[in-house]
Amino acid sequence: MSIIFNEKTRTFHLCNDSVSYIMTVLPGGQMAQLYFGKRIHHSEDFSHLLEFAFRPMTSYLYDDDYKYTLEHINQEYGVFGSTDYRDPAAEILQNDGSRISDFKYQTHTIKSGKPSLLGLPATYTEDDSEAETLTLVLKDPVNGLVLRLFYTIFAEGGIIARSASFVNEGADDLHLTRAMSLCMDLPDSNYEFIHFSGAWGRERHMKTRRLAQGIQSVGSVRGHSSHNHNPFVILKRPDASEFQGEVIGFSLIYSGNFLAQAEVSTHEETRVLLGIHPHWFDWKLEPGETFQTPEAVMVYSDQGLNHMSQTFHKLYQTRLARGYWKDKERPILINNWEATYFDFTQDRLVDIASKAKACGVELFVLDDGWFGGRRHEKAGLGDWIANPDLLPSGITGLAQKIEDIGMKFGLWFEPEMVNKDSDLYRKHPDWILKTPNRSTSHGRFQYVLDFSRKEVVDCVYEMMAKILSEAKVSYVKWDMNRSITECYSAALPSDRQGEVFHRYILGVYDLYERLTGKFPQVLFESCASGGARFDPGLLYYAPQGWTSDDSDAIERLKIQYGTSYCYPVSCMGSHVSVTPNHQVFRSTPLHTRANVAYFGTFGYELDLNKLSEEEQKEVKEQIAFMKQYRRLFQFGTFYRLMSPFDGGSTAWMVVSDDKKEAVVGVYKVLNSANMPFTRVALKGLDPDFCYELSTDGKYHYGDELMNAGLITTDSSAGELASGDIPTCDFDSRLFILKASN
């Protein structure tokens, strides 16, 4: 790993064993991008990678010059209006009404390690030898705005982390109306654009389309990263697959409004922009003030999509997630929500927990409805005080009862919201986001607290900290169940209203930071009506997230498969729920519900007392199995083998670091008659190890399983014979592989 600067050619080369990133200073001071891709040898001069040609209807920077036009030069951080007509990385509104900027190189620093970002989540290092960081300092000579571009290259993997900051060193106020975290200009457009989109209950479905001239983008202006789109996109070569070919992943470590965009020019160059969505964004920078963008992470792989995903998994699992639970196996939990909804008493909760303990569950979680006047969705939010009619001994007493059973206790909060029917709203009706003289819309009869205001965050913090200090709470489920509308803060002047969306997210991060700092051994799980804020920003504070409110196992195949392109298994909240499922009303075998949920944090969303004795016995076996293989599931190397987006079958697997153990999950949606024989080519095994297969006790070498394949044929192939175990719709199997000594 190194960052090399050639003073003579003013060229920077960031490289490690996997990747090279090369850029140079143009004669006018602008920064040009020369190469990003597989590691190449260093050269003292890469200037030949800049190509020039006269093109009609092109504007040029200098008199009597047909060479330098920013429209056809790949740039590090392009701005609009001075010969570049592409969408810009930054736009600055100045006092004279102009929006033209010209950032010129001033100086740079190269340092070991990686700096943190004040108030923002970001990847980090635990030792300075793990990474090097280049900081480029550029300045607009007219308005005095200083632009700092940060580039961190990690020692391992094709990873470049990027962000930008703006410092107003001029005499006048400036307004940032666009400030992207990343601008990446690529020399061609021979890519497919992959994004992960959907809606509530069907998040992060994989969508693929070919790049073409014009703009393709996904994003959110809902105040959060959203169910609809994820702040993660991929560019891949058309011939690239899961296990071969060039791919680049772009991930934004942010939980608010975002834009991920690919623009193909008329001459087939591709500009990728990633950062805060410019819609409704307007950040006032007074003289001396600084604005820092969120961090964006690029991962390059020439070994296909799986390798790119595994790079993200390792980085986000070990150098984004933090704290006590980062590397620890997650407790098996039971949540009461789908078992009781609002209809519970303290005795019933203890009864559910007692049965769960008898089955081997380790953590009981009390969901919505325990506080204030919360007997339905129209009241109580904001009053984080236990309802004595429901919980006579309060949260402290209930938590102790659960501890006495031999389980840990967890609690649900929705700290960012309030009902109008609440003491908090009656006392502070001005604490919600609402636009003066306009109607105020609701979502689920709740309103968004103005987390851009410190006093609001302070108030919520005090209520939550009081409960967590007094009661034995080991886990917090942090929910958020509506998008932002009427985004206006009564505490900010008119020329700062464009800051509210971002200030809101900074308030959320501040509350997380304070709570996780004060209660470091509490396991936080992020939730936003399921997966509406399943993003890297929250992974920094909460090492796991509720992947989707849709807990149906068959729907979860697509949701978890799509999620795995960026996010590790250890962060995916995945539970066995009641059947018929409460979201799609499908009846799925209990073993399939578990076989899907194993590839995640694992837990239950039901009342085990309502299961038959045979089902309870199966649950006990599931829990014992998960405890045996929990570390492998949550921290092993994950491989996607067969995509649910390509047909009716899905397969994936995890492999231990030493390659001595693996678990393969194979799933089919619908059964059929006289089906073909089937095999799945496995990945990640040691070709020279001989593996015992759990299904028949036979031994197979790793090279056979990866090349000839694992036979997955079931009794649906041919006519069912006497003694065969029949298959069914929504069936699944797990194959356990253990290397022989």
Side-chain angles (χ1 to χ4, degrees), residues 5 9-12 14 21-34 36 50 59-62 65 67-110 133-151 160 162-185 263 269 271-276 278 281-296:
F5 174 62
T9 61
R10 297 207 295 179
T11 299
F12 299 87
L14 292 70
Y21 191 106
I22 305 170
M23 53 188 155
T24 192
V25 184
L26 292 172
Q30 301 85 3
M31 295 299 305
Q33 159 62 213
L34 299 182
F36 175 54
L50 272 176
S59 302
Y60 294 87
L61 283 170
Y62 309 115
D65 180 280
K67 189 175 183 181
Y68 285 103
T69 172
L70 298 179
E71 182 178 8
H72 302 301
I73 292 176
N74 294 331
Q75 296 177 67
E76 283 303 306
Y77 206 76
V79 293
F80 180 85
S82 293
T83 76
D84 191 352
Y85 297 94
R86 293 169 289 183
D87 267 15
E91 186 176 78
I92 297 93
L93 175 61
Q94 293 148 80
N95 276 355
D96 61 4
S98 69
R99 297 174 185 264
I100 298 294
S101 297
D102 189 11
F103 293 107
K104 298 178 181 292
Y105 169 82
Q106 303 292 302
T107 186
H108 72 273
T109 60
I110 298 172
T133 298
L134 167 68
T135 304
L136 295 177
V137 181
L138 296 84
K139 188 171 184 177
D140 187 314
V142 175
N143 60 34
L145 185 61
V146 172
L147 168 64
R148 287 188 172 90
L149 299 177
F150 302 98
Y151 302 80
I160 305 287
R162 295 179 56 180
S163 68
S165 74
F166 297 83
V167 184
N168 186 356
E169 293 188 355
D172 298 324
D173 295 345
L174 300 171
H175 283 260
L176 293 177
T177 59
R178 178 185 287 244
M180 306 306 285
S181 299
L182 172 153
C183 175
M184 184 72 224
D185 283 355
E263 178 180 3
E269 300 102 347
R271 170 169 289 179
V272 178
L273 295 174
L274 184 63
I276 296 173
F281 175 79
D282 182 341
W283 194 274
K284 183 180 179 180
L285 270 183
E286 295 180 354
E289 290 186 336
T290 298
F291 179 81
Q292 172 66 51
T293 73
E295 181 171 280

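Residues: numbered from 1 along the sequence shown.
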Evaluate side-chain hydrogen bond (donor to acceptor under 3.5 Å, both in side chains) for Glu71 paired with Tyr60, printing each intermediate quantity in order.
-> CA-CA 9 Å; Glu71 182 178 8; Tyr60 294 87; over 6 Å; no
Determine, stepwise, if the pair Ser163 / Gln292 fulfils side-chain hydrogen bond (donor to acceptor under 3.5 Å, both in side chains).
-> CA-CA 8 Å; Ser163 68; Gln292 172 66 51; 3.1 Å; yes
Side chain proximity check, [X] to [Y], heavy atoms < 4.5 angstrom:
| X | Y | answer |
| --- | --- | --- |
| Met23 | Leu34 | no |
| Leu174 | Leu145 | yes |
| His108 | Ile110 | yes |
| Leu50 | Thr24 | yes |
| Val146 | Val137 | yes |
| Glu91 | Thr177 | yes |
| Thr69 | Leu61 | no |
| Glu263 | Glu269 | no |

Side-chain ([X]) to main-chain ([Y]) donor-acceptor, under 3.5 angstrom:
| X | Y | answer |
| --- | --- | --- |
| Thr135 | Phe150 | no |
| Arg178 | Pro88 | yes |
| Ser98 | Asp96 | no |
| Lys104 | Asp140 | no |

How are the rings of Phe80 and Tyr85 set to each other: parallel, tilted or perpendicular (split at 30° and 60°)?
-> perpendicular
Residue pair [X] / [Y]: nearest heavy atoms and the distance that separates them:
| X | Y | value |
| --- | --- | --- |
| Phe5 | Arg10 | CE1-CA, 3.7 Å |
| Thr83 | Ser59 | CB-O, 3.4 Å |
| Ala164 | Leu149 | CB-CD2, 3.8 Å |
| Thr290 | Ser165 | CG2-CB, 4.4 Å |
| Pro294 | Ser181 | O-OG, 2.6 Å |

Ring centres of Phe291 and Phe281 under 6.0 Å apart?
-> yes
Phe103-Tyr77 aromatic ring centre distance below 6.0 Å = no
Rounded to the nearest 0.5 Å, what separation is found between the CG atom of Leu134 and the OG1 atom of Thr109?
-> 7.0 Å
Starting at CE of Met31, measure out to CG of Leu26 and round the result to the nearest 0.5 Å.
-> 8.0 Å
NZ/NE/NH1/NH2 to OD/OE distance under 4.0 Å, Lys284 and Asp173 | yes
Start with the C-alpha distance between Gln30 and Asp102, add both sets of side-chain angles, then the distance that settles side-chain hydrogen bond (donor to acceptor under 3.5 Å, both in side chains), and finish with yes or no.
-> CA-CA 8 Å; Gln30 301 85 3; Asp102 189 11; 3.1 Å; yes
Report the residues that fulfil salt bridge (charged side-chain N to carboxylate O under 4.0 Å, His left out) with Lys139, sequence neighbours left out, ordered by chain and then residue number.
-> Glu169
Counterpart residues, salt bridge (charged side-chain N to carboxylate O under 4.0 Å, His left out), relative to Arg86 (two or more places apart) = Asp84, Asp185
Let me know which of Asn74, Ile73, Ile22 forms a side-chain contact (heavy atoms from CB on, under 4.5 Å) with Gln33.
-> Asn74
Between Arg148 and the options Val167, Leu138, Leu136, the side-chain contact (heavy atoms from CB on, under 4.5 Å) test singles out Val167
